[in-house]
Every structure is written in C-alpha cells, then in structure tokens.
Amino acid sequence: AYEIPKRDWSSDVCSSDLTEAGLGWHGDFCRVLEDYNPPLAQIIGPIGLEHVEWLGDTIEKIVHEKCGYLNKNTKIIIGKQTPKALKAIDFETKNNPSPKFIYGEDFQINIENNDKFTYQDNDSLMHLDSPSLIGDHQKFNCGTAIATAKNILPKLDVSKINYAITHTQNKGRLQKITEGKLLSYLSSTNSLWIDGGHEELSAIALNNWLNKNKNRKIYLIFGMLNTKNPRDFLKHFTNTVTCVKTISIPNQENSADPKLLAKISNELGIKSNVCTSIQDAIRECSNENENSLVLITGSLYLMGEVLNLN
C-alpha cells in the first residue's frame, strides 16, 4: 500500500510525498502521517503471498493488513489483481466510503505488438511508449500511476507522462549491468541482469520477461533469505531456465543454505549446483555458455551486495 499525503509545511519545496508502507498498512509507522492530513490518495499494488511471517499465510490475511485500515477520507486506487485478491479487497473495503478506482473496471492498459501500450479510462485514451523499466508488469504499474495522477491533479500532459515513464530508473529491478567489475567474469557475448524479486508475483513477472529471451540459454544465480519460500519462487522457471547456480547472500546471517536451494531446484527439474561466491557463479555461467543471459535474483539484500561488488 502506498499513500500520497498532503503537505502544509510552507518552508518545504515539495507539495506532496509518495510514501510506501513497507510491509502492510495496519501496523506500519507511516500511518502517523494521517495525523497531519488525510492522504490525497492511497494506492494498492498487486497483492500476492509475501512477507507471510509478518502479514499472514493467506491472501485474505495479507489483504486485511494492507487494506482493512485504509483512510476513509481519500481516494483508493487499486492496481491489477488476481481475482482472489480483488475479492478480498472488495470485502475489506466494503464499509470504506472513500471512492475506489479499480483496474479492469475504471481504467486499464492494452499492450501493443510494438511493445508500446495505451492507457484508457472513462474519459481518456493515451498512446504511450514502452517504459524504461523492463517487463510488461511495469506497464501495468504505469497504468496505476497514471490513474492515481488523474485523480489528484487538475490535468495531465501526455508528453510529460511519456517522458517520465521512458526515463525512470529503478536499481535492482530488471537492471542490466553494462559496466563494472563483474563483467570481467563474463565473455563479451554474455549479458548480466539483476532483479531483487523474492516472492511469487515477482517470479511470474520475471519468467514472462525471460520467455521473450528464449533464443538464448538462461542461467539463474539464486540467493534468498531463509524466511522466504524458494520452491514457490523457482517453480515458475522450469521451462525457461537452463541452470541455477545457488549462493549464500554475503554479509547476511539469515541467508538460506545454498545446498538447500540447489536441492529444491533439482527436485523441480532445473539443473543446479552450489557456488562459493557471486563472482564464482558468474564465472561458471560464462564458462558453460559464453552466449547466455545471466540473471541474479532472489533477494534485494543480494542485489545490494552485487551492486557493491560491481
């Protein structure tokens, strides 16, 4: 859940903040902002089984934490959801009088063959270029952002929207490594990508992107916290990934055992072996196939270590 609270501090050059509730909303500290002003809008991104150790082990429990305590004097923007999640959101917000703007009912996007997309709602149709952030899921995220902006701003400039979505950067999320020390472990014909996805919805989005790159061998370098579910993550790559190299996340005492990760991967039918370090794993991928796409994933903590090494 996100919120955009109003601000009335005259000395501040910013008119509003975009604040993320890190886990849920019920117990998140950023709810204190509501003591100053009701938010202009609250945004619900795609909800899946994540942070189950904190939010609960079912979609219904997670939706309760994220949506059951939303402000009753705002606008609620609901991004694309699974049918099960949307049903739970409807239940949790049925007594909330704030108007709701729901993907698939009040706004939607359509992805075109040339990778561009259109945004559409009851009174708008915008033709937009492909976002700089990689993956079709980012187009859906753009749609949710546009719907939010339309609900809180007097008017939108489509050219500025198009400029923004084609110039946005997000480190550690389907980021291609184009320079740095780690490339020395690869051949010039390999490509190195990183993504901090660590739950099932992220795995689905990554696999959809990898399916567009099946003209080359795909290697996964995989590390994960021991509080996550590696089987639910890895099961989505059985038809796309050639091999998984498992590692321990450096400087992270809660890193999952790479031997266990390799065992799970092999049980799923994806060839896997343990590597001693990030560098060792990258080197092995290149030695086995100098034309492969190498993707490091499984944890945002791991992305931090990769970027530090690089």
Side-chain angles (χ1 to χ4, degrees), residues 48-59 62 172-175 177 182 185-186 190-211 213-214 216-310:
L49 286 174
E50 57 179 336
H51 304 300
V52 295
E53 68 274 25
W54 303 107
L55 302 179
D57 57 0
T58 67
I59 289 292
I62 292 171
R173 289 294 193 178
L174 269 179
Q175 176 185 352
I177 303 300
L182 293 179
Y185 299 97
L186 293 167
N190 287 121
S191 64
L192 180 62
W193 295 76
I194 64 173
D195 187 273
H198 50 271
E199 38 78 30
E200 197 166 1
L201 284 180
S202 298
I204 293 169
L206 280 174
N207 192 61
N208 288 339
W209 175 72
L210 289 174
N211 264 310
N213 293 275
K214 288 185 72 174
R216 52 197 308 203
K217 298 292 186 182
I218 297 169
Y219 282 71
L220 229 60
I221 298 175
F222 183 60
M224 184 171 263
L225 294 181
N226 57 22
T227 55
K228 306 302 178 184
N229 190 324
R231 188 177 297 274
D232 281 352
F233 189 89
L234 288 171
K235 69 182 183 183
H236 294 283
F237 300 101
T238 55
N239 294 319
T240 48
V241 169
T242 303
C243 183
V244 174
K245 307 291 184 180
T246 63
I247 57 174
S248 181
I249 302 172
N251 305 311
Q252 179 51 250
E253 63 180 15
N254 292 319
S255 178
D257 183 350
K259 292 180 181 178
L260 174 62
L261 298 179
K263 180 176 182 292
I264 292 170
S265 179
N266 282 312
E267 288 173 352
L268 290 169
I270 314 172
K271 184 178 72 171
S272 181
N273 65 277
V274 176
C275 293
T276 58
S277 67
I278 295 168
Q279 299 96 316
D280 180 44
I282 295 173
R283 186 187 295 110
E284 273 197 23
C285 293
S286 184
N287 288 343
E288 291 180 19
N289 191 304
E290 62 183 13
N291 297 308
S292 62
L293 183 156
V294 180
L295 172 64
I296 308 176
T297 189
S299 169
L300 286 168
Y301 292 96
L302 177 57
M303 298 311 101
E305 295 296 334
V306 170
L307 290 172
N308 284 338
L309 279 174
N310 197 51

Practice task
Using distance alone, with no hydrogens and no angle criterion, decide if K271 and N266 have a side-chain donor and acceptor under 3.5 Å apart.
Solution key: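 No, no side-chain donor-acceptor pair sits under 3.5 Å.
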Would you say [X]'s side chain and [Y]'s backbone share a donor-acceptor pair under 3.5 angstrom?
{"X": "N207", "Y": "H236", "answer": "yes"}
{"X": "Q175", "Y": "G172", "answer": "yes"}
{"X": "N229", "Y": "E50", "answer": "no"}
{"X": "R231", "Y": "I264", "answer": "no"}
{"X": "T246", "Y": "P258", "answer": "yes"}
{"X": "S265", "Y": "I270", "answer": "yes"}

Where [X] and [Y] come nearest, the two heavy atoms and their spacing:
{"X": "L261", "Y": "G223", "result": "CD1-CA, 4.1 Å"}
{"X": "S202", "Y": "R173", "result": "OG-NH1, 4.1 Å"}
{"X": "K245", "Y": "A281", "result": "CB-CB, 4.1 Å"}
{"X": "Y301", "Y": "S299", "result": "N-OG, 3.0 Å"}
{"X": "L201", "Y": "G48", "result": "CD1-N, 3.5 Å"}
{"X": "R216", "Y": "S191", "result": "NH1-OG, 3.1 Å"}

Using side-chain heavy atoms (C-beta onward) and a distance below 4.5 Å, is [X] in contact with [Y]?
{"X": "I278", "Y": "I221", "result": "no"}
{"X": "S292", "Y": "T242", "result": "no"}
{"X": "V294", "Y": "K217", "result": "no"}
{"X": "N310", "Y": "I194", "result": "no"}
{"X": "S272", "Y": "F222", "result": "no"}

Starting at [atom1] of [X], measure out to [atom2] of [Y] and round the result to the nearest 0.5 Å.
{"X": "T240", "Y": "L210", "atom1": "OG1", "atom2": "CG", "result": "5.5 Å"}
{"X": "S286", "Y": "Y219", "atom1": "OG", "atom2": "OH", "result": "9.5 Å"}
{"X": "I59", "Y": "L49", "atom1": "CD1", "atom2": "CG", "result": "4.0 Å"}
{"X": "M303", "Y": "T297", "atom1": "CE", "atom2": "OG1", "result": "5.5 Å"}
{"X": "L302", "Y": "L307", "atom1": "CG", "atom2": "CG", "result": "9.5 Å"}
{"X": "E288", "Y": "N273", "atom1": "CD", "atom2": "CG", "result": "6.5 Å"}

Exercise for the section: Please lay out, stage by stage, how T227 and N254 fare under the test side-chain contact (heavy atoms from CB on, under 4.5 Å). Expected result: CA-CA 8 Å; T227 55; N254 292 319; 5.6 Å; no
Handout entry: Worked verdict on L220 versus L234 for side-chain contact (heavy atoms from CB on, under 4.5 Å)
Key = CA-CA 10 Å; L220 229 60; L234 288 171; 4.2 Å; yes
Practice task
Could you tell me which residues satisfy ring-ring contact (aromatic ring centres under 6.0 Å, His included) with F237, sequence neighbours excluded, listed by chain and number?
Solution key: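 Here the qualifying residues are F233.
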Practice task
Give a yes or no on this: more than 12 heavy atoms of other residues, nucleotides or ligands lie within 6.0 Å of atom CD of E253.
Solution key: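 No.
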Problem - N239 CG: over 12 foreign heavy atoms closer than 6.0 Å - result: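 No, the 6.0 Å shell around CG holds no more than 12 heavy atoms from other groups.
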Practice task
Can you sort out the partners of K235 under salt bridge (Lys or Arg N to Asp or Glu O under 4.0 Å), two or more places apart, ordered by chain and number?
Solution key: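 K235 satisfies salt bridge (Lys or Arg N to Asp or Glu O under 4.0 Å) with E200, D232 only.
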Problem - Residues that S255 engages under side-chain contact (heavy atoms from CB on, under 4.5 Å), provided they are two or more places apart - result: S248, I249, Q252
Practice task
Dump the intermediate steps for side-chain contact (heavy atoms from CB on, under 4.5 Å) on I282 and I296, then the final yes or no.
Solution key: CA-CA 9 Å; I282 295 173; I296 308 176; 4.2 Å; yes
